[in-house]
Amino acid sequence: MVEYEVVRDEESEPETVYIDYSFEEKYGRRRRYVTVYKQKSKPLARFIGTDNWSQNRNLIWPLKQNGGRSLVRDLNERPEGYEEFKPVRFRRFVKGTGASACWGIRTKEEPSRLIHIGLCREELT
């Protein structure tokens, strides 16, 4: 786990955001898991390593409805607030038993990008 101090703008106080790095067995292989949170009991976003994570360090966050846990399976139901992110098909980058037929947001494993997505999610829920 790594702790970061984040300042959203010049007028706001610094916030503490944590990123937890791990590996888990999922979708038929050992995958990278990265969780962004302020409180451990309330993750902001949980990213999964793509099939080629070991070469390119790409992660994907399964796109979820604002305020809920349901996955976005149809882009016509894409929640507002994620327009700056390009949605990708989850199964295109994560293949294996149980991989969801949903949309996701793909990003590099870089703290600033992960925190940005997590904080966007927090603002929209």
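Only a predicted model underlies this, so the values are computations on that prediction, with no experimental measurement involved.
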**Prompt:** Is the distance between the ring centroids of W61 and Y82 under 6.0 Å?
**Reply:** yes
**Prompt:** Is V2 linked to I115 within one hydrophobic cluster, defined over Ile, Leu, Val, Met, Phe, Trp and Tyr using a side-chain heavy-atom separation of less than 4.5 Å?
**Reply:** yes
**Prompt:** Counting heavy atoms not belonging to R73, are there more than 12 under 6.0 Å from its CZ?
**Reply:** yes
**Prompt:** Under 6.0 Å from the CD atom of E25, do we count more than 12 heavy atoms belonging to anything else shown?
**Reply:** yes
Can you give me every donor-acceptor pair (side chain of residues 40-51, partner residue at least two apart or in another chain, under 3.5 Å) with its distance?
{"unit_1": "R46", "atom_1": "NE", "unit_2": "T35", "atom_2": "OG1", "d": "3.3"}
{"unit_1": "R46", "atom_1": "NH2", "unit_2": "E24", "atom_2": "OE1", "d": "3.4"}
{"unit_1": "R46", "atom_1": "NH2", "unit_2": "E24", "atom_2": "OE2", "d": "2.2"}
{"unit_1": "T50", "atom_1": "OG1", "unit_2": "N58", "atom_2": "O", "d": "3.1"}
{"unit_1": "D51", "atom_1": "OD1", "unit_2": "R31", "atom_2": "NH1", "d": "3.0"}
{"unit_1": "D51", "atom_1": "OD1", "unit_2": "R31", "atom_2": "NH2", "d": "2.8"}
{"unit_1": "D51", "atom_1": "OD1", "unit_2": "K95", "atom_2": "N", "d": "3.3"}
{"unit_1": "D51", "atom_1": "OD2", "unit_2": "K95", "atom_2": "N", "d": "3.1"}

**Request:** Step by step, work out the side chain to side chain contact (heavy atoms under 4.5 Å, CB included) result for Y37 and M1.
**Result:** CA-CA 10 Å; Y37 61 91; M1 175 186 59; 3.0 Å; yes
**Item:** K26 atom NZ: more than 12 heavy-atom contacts under 6.0 Å
**Value:** no
**Item:** Rounded distance (nearest 0.5 Å) linking atom CZ of R92 with atom CD1 of I60
**Value:** 10.0 Å
**Reference residue W53; test ring-ring contact (aromatic ring centres under 6.0 Å, His included); the match among Y21, F23, Y27** = F23
**Request:** Using a 4.5 Å cut-off on heavy atoms from C-beta on, say whether the side chain of K64 contacts that of R121.
**Result:** yes
**Asked** Could you give the distance from OG (S100) to CZ (R91), rounded to the nearest 0.5 Å?
**Response** 6.5 Å
**Request:** Mind checking the CD-CD1 spacing from E109 to I19? Nearest 0.5 Å is all I need.
**Result:** 8.5 Å
**Prompt:** Step by step, would you call R106 with L59 a side chain to side chain contact (heavy atoms under 4.5 Å, CB included)?
**Reply:** CA-CA 6 Å; R106 186 174 57 131; L59 301 170; over 6 Å; no
**Message:** One pair to check against side chain to side chain contact (heavy atoms under 4.5 Å, CB included): Q65 and V72. What are the steps and the verdict?
**Reply:** CA-CA 6 Å; Q65 295 295 339; V72 175; 3.4 Å; yes
**Asked** Taking N66 for the side chain and E80 for the main chain, is one N or O donor matched with an acceptor at less than 3.5 Å?
**Response** yes
**Prompt:** Atom CG of D74 and atom CH2 of W103: how far apart are they, to the nearest 0.5 Å?
**Reply:** 9.0 Å
**Item:** Shared hydrophobic cluster, I117 / Y33 (ILVMFWY, side-chain heavy atoms < 4.5 Å)
**Value:** no
**Message:** Distance check, rounded to the nearest 0.5 Å: E77 atom CD versus L63 atom CG?
**Reply:** 11.0 Å
**Residue list, side-chain hydrogen bond (donor to acceptor under 3.5 Å, both in side chains) with E84, at least two apart or on another chain** = H116
**Asked** If you look at every heavy atom in E83 and R78, which pair is closest and at what distance?
**Response** CA-NH2, 3.6 Å
**Message:** Test side chain to side chain contact (heavy atoms under 4.5 Å, CB included) on E5 and V17; report intermediate values, then the result.
**Reply:** CA-CA 6 Å; E5 288 293 318; V17 177; over 6 Å; no
**Request:** To the nearest 0.5 Å, tell me how far L114 CG sits from L119 CG.
**Result:** 11.0 Å
**Message:** Atom CD of residue position E13 - does it have more than 12 heavy atoms of other residues, nucleotides or ligands inside 6.0 Å?
**Reply:** no
**Message:** Testing the basics here: between P62 and F90, what is the closest heavy-atom pair and its distance to 0.1 Å?
**Reply:** CG-CE1, 3.8 Å
